[in-house]
Student: 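I have a structure I would like to understand better, so I am pasting it below and will then ask my questions one at a time.
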Number of protein chains: 2
Amino acid sequence: MRETNDAGPRQLETVARACDVIDALEELDGAGVTELADYLDISKSSAYSYLSTLRTKRLVVKDDDTYRLSLEFLYLGKTIRHRHVLFEHGKQQVDRLAEETGEYVHLMCEQHGLERNIYKVAGENAVGDTYHTTKERKADFLHFTSTGKAVLAYLPDARVEAIIDEYGLVKKTENTITDRDALFEEIQTIRERGYAVNDEEEVTGIRAIGAPIRDANGAILGAVSVSGPTSRLNGDRYYETLPKQVMESANVTEASINMSNASRSL
Amino acid sequence: MRETNDAGPRQLETVARACDVIDALEELDGAGVTELADYLDISKSSAYSYLSTLRTKRLVVKDDDTYRLSLEFLYLGKTIRHRHVLFEHGKQQVDRLAEETGEYVHLMCEQHGLERNIYKVAGENAVGDTYHTTKERKADFLHFTSTGKAVLAYLPDARVEAIIDEYGLVKKTENTITDRDALFEEIQTIRERGYAVNDEEEVTGIRAIGAPIRDANGAILGAVSVSGPTSRLNGDRYYETLPKQVMESANVTEASINMSNASRSL
DNA sequence: GACGTCCGTTCCCGAAATGCGAACACATAT
DNA sequence: ATATGTGTTCGCATTTCGGGAACGGACGTC
């Protein structure tokens with residue numbers, strides 16, 4: 001196949017296809033050989049080779065005639081999270097914040113220009129919350145969440161431009177920021193204020209407060225947020241109390257990371 | 001390279017190597033190009049191609065010059081678990097069992113002849129437990145855990161033989177069953193009794209009770225267990241109470257699965 | 001400040017792996 | 001019995017991949 005002559009490192013087609021197989025098995029929630037071949041538009045024999053190889057490598061299991069992703073992914077995912085600097089130093093703060101506020105608390109970071117969730121906890125008021133209890137979310141855009149905007153605010157401008165170029169500014173609600181200049185103004189506000197909000201910009205009826213977590217050099221590592229229904233997030237709580245609490249948690253996490261880094265470089 | 005002429009479906013070497021890269025990045029907790037190339041004994045340029053492709057496919061991220069596995073694995077792992085029949089129908093029982101017993105409760109299944117953990121909860125007495133709080137475990141052997149033995153007891157004998165042939169009967173403590181015939185006798189006992197024990201067979205000082213979870217056809221799906229120190233798991237509690245509780249949980253889970261399957265086939 | 005050394009990245013060509021189509025075995029349904 | 005659906009196997013033509021060598025940038029050293 002074509003290999004674009006102007007750009008980028010060499011891409012191994014076989015590896016790329018293996019990744020497509022993994023994606024497909026996730027999307028289809030398991031599949032047979034023919035089903036997968038049709039889905040990916042490859043031959044049956046190829047699909048079979050990919051599945052068999054992934055099975056030998058234990059990333060795929062076979063029940064009867066359907067192939068599924070194995071629990072190796074769960075192990076890898078947990079290991080990755082366990083070692084992540086934000087989880088290591090931030091988990092305690094997230095737990096405390098959920099305890100204090102009673103709301104949903106999220107810890108996330110940016111990867112490939114998208115938001116990735118690292119850890120989340122439901123505070124006691126958050127149980128039964130129809131928005132938050134929906135199943136695990138895939139990577140989402142950064143421009144309509146409080147954590148995402150907190151991260152964008154501390155990424156280099158060029159990087160923000162590149163992300164917008166790649167993904168656009170998809171509109172989710174009436175409040176979603178879909179204008180490039182408006183987003184940069186918002187970023188300016190966030191930098192001045194020290195935290196970001198999501199005022200029904202992703203889902204109507206849901207607000208959130210997000211604070212950035214940065215390292216000693218000022219580089220952005222991720223963000224933490226508290227979110228809940230507008231019926232509970234309003235007035236002083238929304239404008240004063242929660243921002244203070246969220247920023248406090250972010251600061252403590254930053255301090256913990258910096259101390260750890262400092263002692264490491266001795 | 002050689003493709004063993006006698007056996008098995010075709011293995012795609014490029015896919016296998018990509019899996020090796022993933023494994024290596026997990027084991028090394030991230031690596032540079034040269035480091036990875038040395039580790040896997042491949043050329044620098046190859047290592048670079050693999051990493052670049054996996055990065056494009058978002059399974060790998062790059063911080064400065066070190067490549068790491070991305071949080072996509074966490075997402076995939078959570079999704080896989082969320083959809084797993086044992087998690088769907090067993091989580092509630094595991095939570096209840098942890099509440100009732102105050103001990104650590106595990107839900108697992110067999111994949112590729114090894115034990116894979118699906119879900120675990122710490123009961124209130126289990127916190128600070130040095131054995132259980134150690135980090136996430138990779139796939140383990142089946143013959144020295146209560147859940148593993150519960151599963152072995154209901155796998156076809158030929159399958160059990162094949163698993164022993166593949167992995168052997170590694171000795172972990174003085175109590176570990178390392179003799180093939182002894183294991184089959186144990187399996188017989190488990191079948192008659194309805195549950196399996198781990199009496200300091202994996203770690204000295206730790207006992208466990210595990211019960212199999214089977215579908216309507218009698219096929220084994222996995223197992224649930226309660227584990228803790230011998231100081232708490234002994235006497236009537238170890239021989240009577242806990243086995244009853246664990247089997248009860250397994251039965252309720254089985255019933256839930258069977259009802260779901262029955263209604264699906266209408 | 002020039003040198004050596006380490007890294008990640010690029011390039012190219014020959015060797016080797018992969019994709020595909022066709023055929024097979026087996027099951028189920030008509 | 002026949003037809004259609006699986007998953008699986010095989011061999012060949014083609015493409016891709018592996019590796020060596022060279023480039024360019026970042027350090028650290030003398």
Side-chain angles (χ1 to χ4, degrees), chain A residues 1-22 24-25 28-57 59-70 217 219 264-265, chain B residues 1-22 24-25 28-57 59-69 112 217 219 264-265:
Chain A
M1 289 189 189
R2 92 205 112 124
E3 217 163 293
T4 35
N5 43 4
D6 58 333
R10 169 149 66 160
Q11 298 294 302
L12 302 183
E13 319 231 356
T14 311
V15 175
R17 262 185 286 256
C19 296
D20 292 339
V21 169
I22 291 169
L25 289 182
L28 300 171
D29 190 16
V33 176
T34 307
E35 188 182 358
L36 182 74
D38 290 347
Y39 187 81
L40 294 177
D41 202 32
I42 59 178
S43 71
K44 248 191 339 174
S45 51
S46 284
Y48 183 66
S49 301
Y50 280 91
L51 289 169
S52 299
T53 308
L54 289 170
R55 186 154 101 103
T56 306
K57 287 298 181 177
L59 291 181
V60 160
V61 292
K62 182 183 173 184
D63 291 347
D64 292 310
D65 280 336
T66 85
Y67 294 80
R68 299 175 185 283
L69 297 180
S70 84
N217 302 320
R264 196 172 306 157
S265 59
Chain B
M1 289 190 187
R2 95 203 109 122
E3 214 164 296
T4 35
N5 43 5
D6 57 334
R10 172 150 64 163
Q11 299 294 301
L12 302 183
E13 319 229 356
T14 311
V15 175
R17 262 185 287 257
C19 295
D20 292 340
V21 169
I22 291 170
L25 289 181
L28 300 171
D29 191 16
V33 176
T34 307
E35 188 182 359
L36 182 73
D38 290 346
Y39 187 81
L40 294 177
D41 202 33
I42 58 178
S43 72
K44 254 198 323 182
S45 51
S46 284
Y48 183 66
S49 302
Y50 281 92
L51 289 169
S52 298
T53 309
L54 289 170
R55 187 155 101 103
T56 307
K57 286 298 180 175
L59 292 181
V60 160
V61 292
K62 182 182 174 185
D63 291 347
D64 292 310
D65 279 337
T66 84
Y67 293 81
R68 300 175 184 281
L69 297 180
H112 299 112
N217 303 320
R264 196 173 306 156
S265 57

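Predicted model, so just to flag it, every value in this text is computed and none were measured. We name chains A, B, ... by the order of the sequence lines, and we start the count at 1 in each one.
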Student: First locate atom CZ of A:Arg17, then atom OG1 of B:Thr53, and finally report the distance between them rounded to the nearest 0.5 Å.
Tutor: 11.5 Å
Student: If I compare all heavy atoms of A:Tyr50 with all of A:Ala18, which pair ends up nearest, and what's the gap?
Tutor: CE2-N, 3.7 Å
Student: Of the nucleotides D:dC17, D:dG7, D:dG19, which one has an atom closest to the side chain of A:Glu13?
Tutor: D:dC17
Student: Taking only the side-chain heavy atoms of A:Arg10 (C-beta and beyond), determine which of D:dT9, D:dG18, C:dC20 contains the nearest atom.
Tutor: D:dG18
Student: I'd like to know if the side chain of A:Arg68 and the backbone of A:Leu25 have a donor-acceptor N/O pair within less than 3.5 Å.
Tutor: no
Student: Between C:dC7 atom C1' and B:Asp64 atom CG, what is the distance in whole Å?
Tutor: 13 Å
Student: Using the side-chain heavy atoms of B:Asp65, tell me which of these nucleotides is nearest: C:dT10, D:dG19, C:dG8.
Tutor: C:dG8
Student: Where the side chain of A:Ile42 is defined as all heavy atoms beyond and including C-beta, which of D:dT8, C:dC20, D:dG19 is the nearest nucleotide?
Tutor: C:dC20
Student: Has A:Tyr67 got a side-chain N or O lying under 4.0 Å from the OP1 or OP2 atom of D:dT8?
Tutor: yes
Student: Heavy atoms from C-beta onward define the side chain here; which of C:dT18, D:dC17, D:dT8 lies closest to that of B:Tyr50?
Tutor: D:dC17
Student: Which nucleotide in the list C:dG19, C:dC11, D:dG18 gets nearest to the side chain of B:Ser45?
Tutor: C:dC11
Student: Look only at the side chain of B:Thr66 and the backbone of B:Gly30, and say whether a donor-acceptor pair between them is shorter than 3.5 Å.
Tutor: no
Student: Could you run through nucleotides 23-30 of chain C and give me one letter per nucleotide, 5' to 3': B if any protein heavy atom sits under 4.0 Å from the base, S if only the sugar-phosphate is that close, - if neither?
Tutor: --------
Student: State whether A:Arg17 places a side-chain N or O below 4.0 Å from either non-bridging phosphate oxygen (OP1 or OP2) of C:dG19.
Tutor: yes
Student: Report the residue (A:Asp38 or A:Leu12) whose heavy-atom-nearest nucleotide on DNA chain D is the more 5′ of the two.
Tutor: A:Asp38
Student: Would you kindly give the CD-to-P distance between A:Gln11 and D:dT16, to the nearest whole Å?
Tutor: 13 Å
Student: Sequence neighbours excluded, which residues qualify as salt bridge (charged side-chain N to carboxylate O under 4.0 Å, His left out) partners of A:Arg55?
Tutor: none
Student: From C:dT9, C:dG19, C:dC7, pick the nucleotide closest to the side chain of B:Thr34?
Tutor: C:dC7
Student: Nearest 0.5 angstrom please: A:Leu28 CG to A:Leu40 CG, how far?
Tutor: 8.0 Å
Student: In whole Å, what is the span from the CG atom of A:Leu36 to the P atom of C:dC20?
Tutor: 12 Å
Student: D:dT6 phosphate, OP1 or OP2: any side-chain N/O from A:Tyr48 under 4.0 angstrom?
Tutor: no
Student: Rounded to whole Å, how long is the line connecting atom CG of B:Leu40 with atom C1' of D:dG19?
Tutor: 15 Å
Student: Return the minimal non-hydrogen interatomic distance between A:Val61 and A:Leu69, and the atom names on each side.
Tutor: CG2-O, 4.4 Å
Student: By nearest atom, which of the nucleotides C:dT10, C:dG19, D:dG18 is closest to the A:Thr14 side chain?
Tutor: C:dG19
Student: Which nucleotide in the set D:dT8, C:dG8, D:dG18 lies at the smallest distance from any side-chain heavy atom of B:Ser43?
Tutor: D:dG18
